[in-house]
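Right, one structure below, let's go through it.
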Amino acid sequence: MGTYARFYDVVRRVPPGRVATYGQVASEAGSFGHARQVGYALAACPDDADIPWHRIVNARGEVSRRSGGRAFERIQRVLLEAEGVAFDDRGRIDLRRFRWDPDDPDQAPSRTRKDSRAARK
DNA sequence: CATTTGACATCTT
DNA sequence: TAAGATGCCAAAT
């Protein structure tokens, strides 16, 4: 299996309405500190695969810039907003509210972590 | 084989 | 808060 396969597996586990950072994906995949490779992996991401690439943002909670152009960046934002992820006036996401927590399998889309916990009870 | 190039993160000013 | 330096490593050249 390719080196990137593990990254793709982690990305696929991110639920709708939540986001994960590149570093977070790397750590979950067992490659702490290899955040950059995650970005590289997504750049080489096969379009036919069912990978929610738009749910991966950088550590500052913003959509990363890419050499290809701004089109994909806009698409990424639109896709996230459609799932309920909010952007502030600076184009950033509040990771405190939308960051995916791998240890909490009961995270519902479009809810804050607190709401999710409350709803579970 | 040596260099360059990234969808990044973290530490230092 | 922001900007620069550094570490990371797979592919491309």
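All chains are named by letter (A, B, ...) in the order of the sequence lines, taking the proteins before the strands, and each is independently numbered beginning at 1.
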Using a cut-off of 4.0 Å on non-hydrogen atoms, how would the nucleic acid contact of A/A59 be classed: base, sugar-phosphate, or nothing? sugar-phosphate
Ignoring the backbone of A/R66, work out which of C/dG7, B/dA7, B/dA9 is nearest its side chain. B/dA7
Is the shortest side-chain N/O distance from A/H34 to OP1 or OP2 of C/dC8 below 4.0 Å? no
Quick one: A/Y22 OH to C/dC8 C1', roughly how many Å, whole number? 16 Å
Short question: side chain of A/R18, backbone of A/R97 - any donor-acceptor pair under 3.5 Å? yes
Apply the test side chain to side chain contact (heavy atoms under 4.5 Å, CB included) to residues A/V38 and A/Y4: give CA-CA distance (whole Å), side-chain angles for both, the deciding distance (0.1 Å), then the verdict. CA-CA 8 Å; A/V38 174; A/Y4 299 149; over 6 Å; no
Distance check, rounded to the nearest 0.5 Å: A/E62 atom CD versus A/Q76 atom CD? 11.0 Å
Protein N or O to nucleotides 11-13 of chain C N or O, pairs below 3.5 Å:
from, atom 1, to, atom 2, distance (Å)
C/dA11, O4', A/Y40, OH, 2.8

Would you indicate what A/R92 reaches in the nucleic acid, counting non-hydrogen atoms under 4.0 angstrom: base, sugar-phosphate, or nothing? sugar-phosphate
Find the distance A/L95:CG to B/dA9:C1' and express it as a whole number of Å. 13 Å
Look at A/D94 together with A/R96 and state whether they make a salt bridge at an N to O cut-off of under 4.0 Å. yes
To the nearest angstrom, how far is A/D88 atom CG from C/dT1 atom P? 11 Å
Interatomic spacing from CD in A/E28 to CZ in A/R13 - rounded to 0.5 Å: 5.5 Å
Please state how far atom CZ in A/R60 lies from atom P in C/dT1, giving the value in whole angstrom units. 11 Å
Does B/dA7 have OP1 or OP2 under 4.0 Å away from a side-chain N or O of A/S67? yes
For A/E62 and B/dC8, give me the distance from atom CD to atom P, rounded to whole Å. 10 Å
Test: A/R12 and A/D9 ion pair at under 4.0 Å: yes
Over how many whole Å does the gap from A/Q37 atom CD to C/dG7 atom P extend? 15 Å
Just the rounded figure in Å: distance from P of B/dA9 to CZ of A/F7. 12 Å
Nearest nucleotide by nearest heavy atom, which residue falls closer to the 5' end of DNA chain B, A/R36 or A/F32? A/R36
Nearest 0.5 Å, please: how far is CG in A/L42 from CZ in A/F7? 9.0 Å
Between P on B/dA7 and CG on A/L80, what's the gap in Å once rounded to a whole number? 18 Å
